[in-house]
Protein chains: 2
Amino acid sequence: MAGHRALDFDADELASAIEEFTRNNIRLPARDKYSFTTLSVLHTLTRKGPMRLTALTATEQITQPAVTQLVTRLEGEGLVERHPAPEDRRAVLVRVTDAGARIINGRRQERVRRFTELADQLTPEERHSIAAALPALTRMAALMDGQV
Amino acid sequence: MAGHRALDFDADELASAIEEFTRNNIRLPARDKYSFTTLSVLHTLTRKGPMRLTALTATEQITQPAVTQLVTRLEGEGLVERHPAPEDRRAVLVRVTDAGARIINGRRQERVRRFTELADQLTPEERHSIAAALPALTRMAALMDGQV
DNA sequence: CGGACTTATTTAAACTGCTTATGCAATTCC
DNA sequence: GGAATTGCATAAGCAGTTTAAATAAGTCCG
């Protein structure tokens with residue numbers, strides 16, 4: 001039943017905290033010239049390796065023609081490359097270039113810097129509690145991926 | 001020095017987990033017909049009460065004319081109202097309507113539902129660790145607000 | 001094998017929502 | 001009381017979507 005759950009876990013508060021992180025995190029893209037979608041695509045390609053346009057359409061929240069056009073733009077900026085798919089001559093494999101990977105890497109470092117800065121403002125106990133929850137949070141985030 | 005920090009706190013992993021949450025959370029707006037900016041404005045107004053356009057411009061990551069136009073759209077949909085500011089006849093106070101508040105509320109419930117569902121897939125130990133870290137996470141999220 | 005259907009991508013046209021530039025009215029500052 | 005400032009609106013333009021339709025390769029039978 002829901003009762004015992006509520007005792008040790010306040011989903012509302014977690015959702016609110018995550019929402020707050022999201023709202024603040026989302027402002028980061030706005031600074032550099034790259035949109036959220038652009039960064040998300042580069043991020044996905046960096047994590048998962050070369051992908052077809054169709055596969056990207058499934059992971060990003062945009063239509064397939066939008067992916068085609070986005071990839072065309074990114075290709076023009078030298079951030080991704082189109083390669084023929086060996087097993088299907090209709091298909092295209094999109095791969096991040098080194099320049100594209102550098103952008104994602106730079107952003108990751110920026111995030112780490114910001115989080116470190118925040119962590120410095122917490123008490124040691126708070127830091128420990130977050131550190132202890134980190135594996136669970138990471139697993140939860142991964143579970144969320146599959147959550148339709 | 002940074003050394004002792006790294007021992008009890010992996011900012012990189014936290015940043016990655018939060019990034020995952022963000023990437024998945026951001027897909028929620030895409031389902032309903034409201035954009036991220038729209039929802040962010042409604043959210044802010046719900047939390048902070050009636051605000052001036054200028055104040056909204058500061059919190060959201062868009063220009064002042066964009067806020068004017070957004071508010072005009074939202075007013076047309078009955079989600080916010082414009083009211084004269086008593087102390088300055090140039091200014092406008094934007095307030096969410098009940099309909100606007102319902103949208104934010106519905107989304108919060110949806111988030112809670114999703115997080116509860118995820119929490120159910122964790123072990124009791126994992127849930128406890130997150131629950132224990134929740135106050136620290138909430139404070140961290142709040143600190144992030146001020147982090148320029 | 002060959003035609004019908006499906007799948008992967010592109011192209012084209014239209015629309016949404018942002019930006020910059022500008023205007024105008026109310027307020028503030030000597 | 002005029003000059004500068006502030007708060008918002010309007011206008012024009014552009015970026016990045018969307019839907020609709022085209023092309024080309026692969027699949028599936030009969």
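All chains are named by letter (A, B, ...) in the order of the sequence lines, taking the proteins before the strands, and each is independently numbered beginning at 1.
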_Base contacts versus sugar-phosphate-only contacts with protein, heavy atoms under 4.0 Å: please encode nucleotides 16-26 of chain D as B, S and - from 5' to 3'._
SBBBB---BBS
_Quick check for you: name the first and last nucleotides of DNA chain C, 5' to 3', having an atom under 4.0 Å from a heavy atom of chain B._
C/dG17 to C/dT27
*asked:* Under the side-chain contact (heavy atoms from CB on, under 4.5 Å) test against A/Ile103, which residue among A/Thr97, A/Thr46, A/Leu39 passes?
replied: A/Leu39
_Qualifying residue, where the test is side-chain contact (heavy atoms from CB on, under 4.5 Å) with A/Leu70 and the options are A/Val41, A/Leu56, A/Val94_ = A/Val41
*A/Ile104: which of A/Leu45, A/Leu79, A/Leu42 passes side-chain contact (heavy atoms from CB on, under 4.5 Å)*: A/Leu42
_Do A/Arg108 and B/Glu19 have side chains that approach each other closer than 4.5 Å (heavy atoms only, starting at C-beta)?_
no
*For residues B/Ala141 and A/Ala17, report the shortest heavy-atom separation together with the two atoms involved.*
CB-O, 3.9 Å
Please list every donor-acceptor pair under 3.5 Å in which a side-chain atom of residues 47-54 of chain A meets a protein atom from a residue at least two apart or in another chain.
from	atom 1	to	atom 2	distance (Å)
A/Arg47	NH1	B/Glu20	OE2	2.8
A/Arg52	NH2	A/Glu87	OE2	2.8

*Compare every heavy atom of B/Arg23 with every heavy atom of A/Phe36, then report the nearest pair and how far apart it is.*
CZ-CA, 4.5 Å
